[in-house]
Amino acid sequence: MAQILKFEVIEPVGLYAGPVIELVETVKQFYSHVTLKYENKEVNLKSLMGVLSLDVPNKAILEIYIDGEDEKRALQLIKDKLNELHIADVK
């Protein structure tokens, strides 16, 4: 069953290249399909250019959909990475 993570961006300048590169690299290690949704757009969270193309500002609400054999592990590590990078405060 797919995992869904909803969060608000807390980085004052929104999502920018530095932390996005680290997040994408974290996600690339998983077999699961990981999709980032912002407003009506969806991109593969394993694609740096895809994520940056969303031009996500501060206070934006995002959803991450994770579907695959390692989705539970992926969900936990993505939460940890978002907190570590101070992109979002995810419980």
Side-chain angles (χ1 to χ4, degrees):
M1 182 176 199
Q3 304 290 312
I4 300 172
L5 174 63
K6 190 172 184 175
F7 66 96
E8 180 178 2
V9 175
I10 61 171
E11 171 59 47
V13 297
L15 294 185
Y16 64 96
V20 170
I21 289 169
E22 288 190 52
L23 182 60
V24 167
E25 288 303 313
T26 298
V27 172
K28 282 183 177 181
Q29 68 183 303
F30 300 108
Y31 295 110
S32 295
H33 296 283
V34 185
T35 304
L36 178 67
K37 182 176 180 182
Y38 172 58
E39 295 182 333
N40 293 326
K41 302 172 198 162
E42 292 184 10
V43 297
N44 183 341
L45 192 49
K46 296 178 183 179
S47 167
L48 175 62
M49 296 310 294
V51 176
L52 292 176
S53 74
L54 295 176
D55 197 26
V56 177
N58 184 31
K59 305 290 184 193
I61 304 297
L62 303 175
E63 292 180 341
I64 296 175
Y65 296 89
I66 309 163
D67 188 26
E69 63 187 75
D70 55 0
E71 63 192 30
K72 289 184 181 179
R73 183 169 175 268
L75 175 67
Q76 187 57 54
L77 287 180
I78 290 169
K79 284 181 181 180
D80 293 346
K81 184 55 77 170
L82 289 171
N83 286 323
E84 174 189 323
L85 296 171
H86 305 290
I87 295 172
D89 184 16
V90 183
K91 303 293 184 244

Should Phe30 and Val20 be counted in the same cluster of Ile, Leu, Val, Met, Phe, Trp and Tyr side chains packed under 4.5 Å apart?
-> no
Looking only at heavy atoms, the pair that brings Glu69 and Ser32 closest together is N-OG, 3.7 Å
Smallest heavy-atom separation, Gly50 atom then Ser47 atom, equals N-OG, 3.0 Å
Here the gap from Lys28 atom NZ to Asn44 atom CG, rounded to the nearest 0.5 Å, amounts to 9.5 Å
The single option from Val9, Leu5, Asp89 that satisfies side chain to side chain contact (heavy atoms under 4.5 Å, CB included) with Leu82 is Leu5
**Prompt:** Is Leu15 linked to Leu77 within one hydrophobic cluster, defined over Ile, Leu, Val, Met, Phe, Trp and Tyr using a side-chain heavy-atom separation of less than 4.5 Å?
**Reply:** no
Here the gap from Leu23 atom CG to Ile78 atom CD1, rounded to the nearest 0.5 Å, amounts to 6.5 Å
In the single-linkage hydrophobic clustering (I, L, V, M, F, W, Y; side-chain heavy atoms under 4.5 Å), do Val34 and Tyr65 co-cluster?
no
In this structure, NZ of Lys6 is separated from NZ of Lys37 (nearest 0.5 Å) by 9.5 Å
Taken to the nearest 0.5 Å, the spacing of Ile87 CD1 from Asn58 CG works out to 12.0 Å
Please confirm whether the backbone N or O of Thr26 pairs with a side-chain atom of Gln29, one donor and one acceptor, at under 3.5 Å? yes
inquiry  = Please check: side-chain N/O of Asp70 versus main-chain N/O of Tyr31, any donor-acceptor pairing under 3.5 Å?
reply    = yes
Phe7 with Leu52, same ILVMFWY side-chain cluster at under 4.5 Å: yes
- Lys81 side-chain N/O to Val24 backbone N/O, donor-acceptor pair under 3.5 Å: no
Q.
For residues Val56 and Ile10: do they belong to one hydrophobic cluster (side chain heavy atoms under 4.5 Å, members Ile, Leu, Val, Met, Phe, Trp, Tyr)?
A. no
When rounded to the nearest 0.5 Å, the distance separating CG of Leu54 from CD of Glu39 is 9.0 Å
Rounded to the nearest 0.5 Å, the CG atom of Leu62 sits from the CD atom of Glu8 at a distance of 9.5 Å
Notebook entry, point to check: Between the main-chain N or O of Val90 and the side-chain N or O of Asn83, is there a donor-acceptor pair closer than 3.5 Å?
Noted result: yes
Val43 and Ser53 have their tightest heavy-atom pair at CG1-OG, 4.4 Å
